[in-house]
Amino acid sequence: MEIASFNVNSIRARLHAVPLWLSEAKPDIVCLQELKTVDADFPAELFEELGYNIALHGQKSYNGVAVLSKFPFEEINMRLPGDDSDEQARYLEVVVTGKRGPVRVSSIYLPNGNPAPGLKYDYKLDWMARLRKHARKLLSYEEPLILCGDYNVIQSEHDVHDAALWANDALYLPQTRAAFRALINLGLTSAFDQIDRRAHQYTYWGYQGGARPKNHGIRIDHLLCSGQAIDHLKSIRIDEHIRDREKPSDHVPIIGDFDL
DNA sequence: ATGGTCGCGTAGCGA
């Protein structure tokens, strides 16, 4: 079972790029982030034609997450618990049945948090605390769990071209990285980090200043796995090449292959 | 260097 995470930066702006990549990579499950559209304007037929079931939590202009799956959904949860007043569509959790039984997969668009300090950074840290609490509950099920998404966290200096340029950014502040480690320390393993120990393997290059040709990227997209999932990880890759195509997202997909 | 990212939605914010 191949499971991918892809922040598309507007699904309507990616009507060519996303189906093209899907037709090549053929992942079984794809977690999408930053749809930037309401459900009614989501191009569902495009993905149904490629054989995917769709779980969708859209939002006007900002945010929006989805899961495309070749397996039928046994369960769909649209919200991250912990704040009923939170209107932002940043979390979508599904359960499918693999060959060994249930597999739980979440699509996560963690808040950016800039500028920091400020209300947006407070929201980011609060959201991370809520995610940690929810992940602790999901881990108690002792089943394959894969939390996919754009975490908007640069874990270390090895995940950025020049860490000094990010020193005061919400993606790299010590408090941000501590909150991410606290999530990992519940017992999650980053699929990429388990297999590929090379530094400077990026998943995002901004549109400005020739960041892609200069390889000034950051690695902020991850598949975080429970023990029951990581024990069945076969391989993982970043499809970096599609960043160089026509009208690309600023992120590229990360795809893990699990024997599940 | 006179410009220099995109996307949404049509000004200015978010990333």
Side-chain angles (χ1 to χ4, degrees), chain A residues 5-21 31-44 46 56-66 80 86-92 107-128 131 148-155 159-173 175-177 179-180 202-222 238-254:
Chain A
S5 184
F6 190 6
N7 179 322
V8 295
N9 185 21
S10 169
I11 193 66
R12 286 178 291 159
R14 240 49 80 193
L15 294 180
H16 176 71
V18 174
L20 176 60
W21 173 73
C31 297
L32 300 175
Q33 299 92 32
E34 272 208 272
L35 304 176
K36 294 186 170 180
T37 188
V38 293
D39 291 4
D41 292 334
F42 184 86
L46 222 48
L56 183 58
H57 188 188
Q59 187 176 329
K60 183 182 164 67
S61 304
Y62 304 111
N63 311 314
V65 285
L80 180 65
D86 186 0
E87 300 289 333
Q88 301 191 26
R90 296 179 173 276
Y91 185 87
L92 178 53
S107 182
I108 290 169
Y109 179 43
L110 203 143
N112 175 292
N114 281 303
L119 290 174
K120 288 183 178 168
Y121 192 57
D122 295 342
Y123 175 67
K124 176 175 195 157
L125 293 177
D126 184 61
W127 208 96
M128 293 181 84
L131 179 60
C148 304
D150 173 3
Y151 282 82
N152 269 315
V153 174
I154 301 167
Q155 279 183 279
D159 301 304
V160 55
H161 166 254
D162 184 354
L165 297 175
W166 293 80
N168 299 312
D169 193 283
L171 277 64
Y172 193 65
L173 285 171
Q175 216 177 339
T176 305
R177 286 182 280 148
F180 188 77
Y202 306 134
T203 62
Y204 166 95
W205 297 259
Y207 292 121
Q208 297 186 52
R212 172 60 185 167
K214 293 177 189 166
N215 198 25
H216 292 181
I218 53 179
R219 186 164 68 99
I220 56 177
D221 299 271
H222 299 278
I238 297 169
D239 275 353
E240 176 176 331
H241 62 284
I242 74 164
R243 183 63 179 78
D244 299 316
R245 292 181 172 172
E246 288 290 310
K247 223 169 144 54
S249 172
D250 41 7
H251 294 249
V252 296
I254 176 167

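Throughout, a chain's letter reflects where its sequence line sits, starting with A, and its residues are numbered from 1.
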**Q** How is A/Arg212 classified with respect to the nucleic acid when contacts are heavy atoms under 4.0 Å: base, sugar-phosphate, or nothing?
**A** nothing

**Q** Identify whether any heavy atom of A/Gly209 sits under 4.0 Å from a base atom; if not, whether one sits that close to sugar-phosphate; answer base, sugar-phosphate or nothing.
**A** sugar-phosphate

**Q** Could you tell me how far B/dC13 sits from B/dG9 if I compare only their C1' atoms? Round to whole Å.
**A** 11 Å

**Q** Within this structure, what is the NZ-to-P distance between A/Lys214 and B/dT5, rounded to whole angstrom?
**A** 9 Å

**Q** To the nearest Å, how far apart are A/Arg14 CZ and B/dA15 P?
**A** 16 Å

**Q** May I ask you to decide if A/Tyr109's main-chain N or O and A/Arg90's side chain share a donor-acceptor pair within less than 3.5 Å?
**A** yes

**Q** Nearest-Å distance, CD1 (A/Ile11) to P (B/dC8)?
**A** 11 Å

**Q** Could you give the CD-to-P distance, from A/Gln59 to B/dC13, as a whole number of Å?
**A** 18 Å

**Q** Can you tell me if A/Lys214 uses its side chain to pair, donor with acceptor, with the backbone of A/Gly209 under 3.5 Å?
**A** yes

**Q** Out of curiosity, A/Ile108 CD1 to A/Trp127 CH2, how far, rounded to the nearest 0.5 Å?
**A** 5.5 Å

**Q** How close or far is atom C1' of B/dA15 from atom CD of A/Gln208, stated in whole angstroms?
**A** 9 Å

**Q** What is the ring orientation for A/His216 with A/His161, classed by angle as parallel under 30°, tilted 30 to 60°, or perpendicular over 60°?
**A** parallel

**Q** In whole Å, what separates the C1' atom of B/dT2 from that of B/dC6?
**A** 22 Å

**Q** Please figure out whether A/Tyr207 or A/Tyr62 has its closest DNA chain B nucleotide nearer the 5' end.
**A** A/Tyr207

**Q** Using whole Å, what does the distance between atom P of nucleotide B/dG7 and atom CG of A/Leu15 come to?
**A** 11 Å

**Q** Taking the nucleotide of DNA chain B with the nearest heavy atom to each, does A/Gly113 or A/Lys60 sit closer to the 5' end?
**A** A/Lys60

**Q** It should be established whether A/Ser10 places a side-chain nitrogen or oxygen under 4.0 Å from OP1 or OP2 of nucleotide B/dC6.
**A** no

**Q** Side chain of A/Ser61, backbone of A/Lys36: donor and acceptor closer than 3.5 Å?
**A** no

**Q** Find the distance A/Lys36:NZ to B/dG14:C1' and express it as a whole number of Å.
**A** 7 Å

**Q** Figure out the CG/P separation between A/Asn63 and B/dA15, and round it to whole Å.
**A** 7 Å

**Q** Applying a 4.0 Å non-hydrogen cut-off, can you work out what A/Tyr109 is touching in the nucleic acid: base, sugar-phosphate, or nothing?
**A** sugar-phosphate

